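Counting starts at 1 for both ligands and their atoms, following the listed order. It should be emphasised that the depicted structure is a prediction, and the values quoted were computed from it without experimental measurement. All heavy atoms count here, side chains included; hydrogens, waters and symmetry mates do not.
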Amino acid sequence: MIYGGFILTEILETTKKNLLKAAEAIRQNGLVAFPTETVYGLGGCAFSEKAIVKIFEVKKRPRFDPLIVHIAEKDDYNLLCSTIPSPAEKLIDAFCPGPLTLVLPKREKVPDIVTSGLDTVAVRMPSHPIALQLIQYSKCPIAAPSANRFGHVSPTRAEDVLSDLGDSVDFILDGGPTLVGVESTVVFVTEEEIILLRPGGIPIEDIEKVIGRVNIKRKMSKLLSPGLTKKHYSPKTPLYIYEGNLEELVKINRDDYALLTPAPLLVNDITIYPLSQAGDVKEIAANLFHQLRKLERMDYRAIIAIPVKQSGLGHAVMDRLIRASTGTVKIENQKFVFIDR
Ligand code: TXA
Ligand code: MG
């Protein structure tokens, strides 16, 4: 397609013919961006070092940040992992396919570059039919990080991939907007414990219903999850989390600032950007990244985000907001006070 005068990667409709074309590119060490139920992924054959090197280069992602390997059948956990502890088996039964990634001991054949040299591999079976079909046609597991530039907001539309990665991928498969909107939950699983590495599409409360207590490490060890940088997912416009009450906020002049709220506010004449009309957390998660990308294209000095309730998917939404943020903002003497972190 032609975009701003340049010829860029084709965005493909997801016909069988196009899926086969994309799978052929994967088999030839190429890169294909594809929809999953969470966000779009930038995929390459997990066994092709050549493809994996390209993924890191295209994303400008540091090599110490390992990739998730996507599979299309539950049995393929055995192909990639040397042991499946019993809690992991329960999680696979309960949540796969779906937005849950398990970090497990890796088999030798998984290239070190995929796992950044760790002796574990992160594996997920997505539930999106196009993702599953692409993996099946490619005849290999697909390593895929989110298909955004490293540090930028994750893509929930084919156009987001195009604007971040331009012509550096072979094909972009267009599956429309993604359903869940935030990335998968990542857990490290051993026989003795489950450690939450990243809150995501499967709420931690749901996991605890299946296997009991999950260890939530407030301070993430670099060794357990080297990719969990404090700042991530950032829009180009600085974002601040609001700390204060809403009555105060609506009283002062905020025209230069975009107010990102979980639901509409019951006041007239002020422009706000509600993530959900009903304050529904699923809808909030589904709209979050899309709204951040829309707001960064507008002329606001900053985005002020009102926190969401921290339960269920709300954990993942707050995690993304906090990591997207430059700091917090409060009101003193009817003026905003911004505090960078
Ligand atoms: O929903 C998702 O998970 C999306 C879609 C495309 O599947 N993928 C995604 O990938 O979010 P990425 O690369 O943006 O995030 C992967 C996360 C990183 O925080 C990385 O550090 C962690 O998973 N990770 C990968 N392999 C790991 C390992 N062996 N041990 C610990 N953490 C790992
Ligand atoms: Mg990512």
Fill in: N or O pair under 3.5 Å between T38 and ligand 1
yes
Worksheet item: Rounded to the nearest 0.5 Å, how far apart are CG of L134 and NE2 of H128?
Response: 11.5 Å
Worksheet item: Just which atoms of ligand 1 are under 4.0 Å from any heavy atom in R124?
Response: 1 (O), 2 (C), 3 (O), 5 (C), 7 (O)
Worksheet entry | salt_bridge(E24, K21) N-O dist < 4.0 Å | no
Item to complete: Say whether K59, considering both its backbone and side-chain N or O atoms, lies within less than 3.5 Å of an N or O atom on ligand 1.
Response: no
Fill in: Residue selection (non-hydrogen contact nearest atom 10 (O) of ligand 1) among G117, P66, S146, G41
S146
Worksheet item: Salt bridge check: are D255 and R301 linked by an N-O gap of less than 4.0 Å?
Response: no
Item to complete: Answer yes or no: does an N/O atom from S184 fall short of 3.5 Å to an N/O atom of ligand 1?
Response: yes
Fill in: Euclidean distance, E332 CD relative to E248 CD, rounded to 0.5 Å
9.5 Å
Worksheet entry | Numbered atoms of ligand 1 (with element) below 4.0 Å of H70, judged on heavy atoms | 5 (C), 6 (C), 7 (O)
Practice prompt. Quick one: pull up NZ in K90 and CD1 in I211 and give me the separation to the nearest 0.5 Å.
Written response: 8.0 Å
Worksheet item: Would you say T115 has any N or O atom under 3.5 Å from an N or O of ligand 1, going by distance alone?
Response: no
Fill in: ligand 1 contact by L118, heavy-atom criterion under 4.0 angstrom
yes
Fill in: Atom indices of ligand 1 within 4.0 angstrom of D65 heavy atoms, with elements
18 (C), 20 (C), 21 (O)
Discussion item. Checking S154 against E183 for the side-chain hydrogen bond (donor to acceptor under 3.5 Å, both in side chains) test, could you report, in this order, the C-alpha distance in whole Å, the side-chain angles of both residues, the deciding distance, and whether it holds?
Written reply: CA-CA 8 Å; S154 294; E183 300 87 340; 2.5 Å; yes
Item to complete: Indicate whether any N or O donor in one side chain lies under 3.5 Å from an N or O acceptor in the other, for S48 and N29.
Response: yes
Discussion item. What I want to check is whether the side chains of Y40 and N148 have a donor and an acceptor closer together than 3.5 Å.
Written reply: no
Worksheet item: Is the Mg ion (ligand 2) less than 2.8 Å from an N/O/S atom of S146, whether that atom is in the backbone or a side chain?
Response: yes
Worksheet item: Can we call the ring centroids of Y257 and F336 under 6.0 Å apart?
Response: yes
Worksheet item: Looking only at heavy atoms, is any part of K106 under 4.0 Å from ligand 1, and if so is it the side chain, the backbone, or both, or is it neither?
Response: neither
Worksheet item: If you measure from each non-hydrogen atom of L67 to ligand 1, which part falls under 4.0 Å: side chain, backbone, both or neither?
Response: backbone
Worksheet item: Which atoms of ligand 1 have any heavy atom of P145 under 4.0 Å away?
Response: 10 (O), 12 (P), 13 (O)
Worksheet, complete the sentence: CG (L102) and OG1 (T120) are apart, to the nearest 0.5 Å, by 11.5 Å
Discussion item. Taking only non-hydrogen atoms of R61, do any sit less than 4.0 angstrom from ligand 1?
Written reply: yes
Worksheet item: Under 3.5 Å between some N or O of ligand 1 and some N or O of Y40?
Response: no
Item to complete: Could you walk me through whether F56 and F64 pass ring pair (Phe, Tyr, Trp, His ring centres under 6.0 Å), step by step?
Response: CA-CA 10 Å; F56 281 100; F64 61 75; 9.4 Å; no
Worksheet item: What atoms of ligand 1 come within less than 4.0 Å of a heavy atom belonging to L197?
Response: 31 (C), 32 (N)
Worksheet item: Which atoms from ligand 1 have a heavy atom of A122 less than 4.0 Å away?
Response: 25 (C), 26 (N), 27 (C), 29 (N)
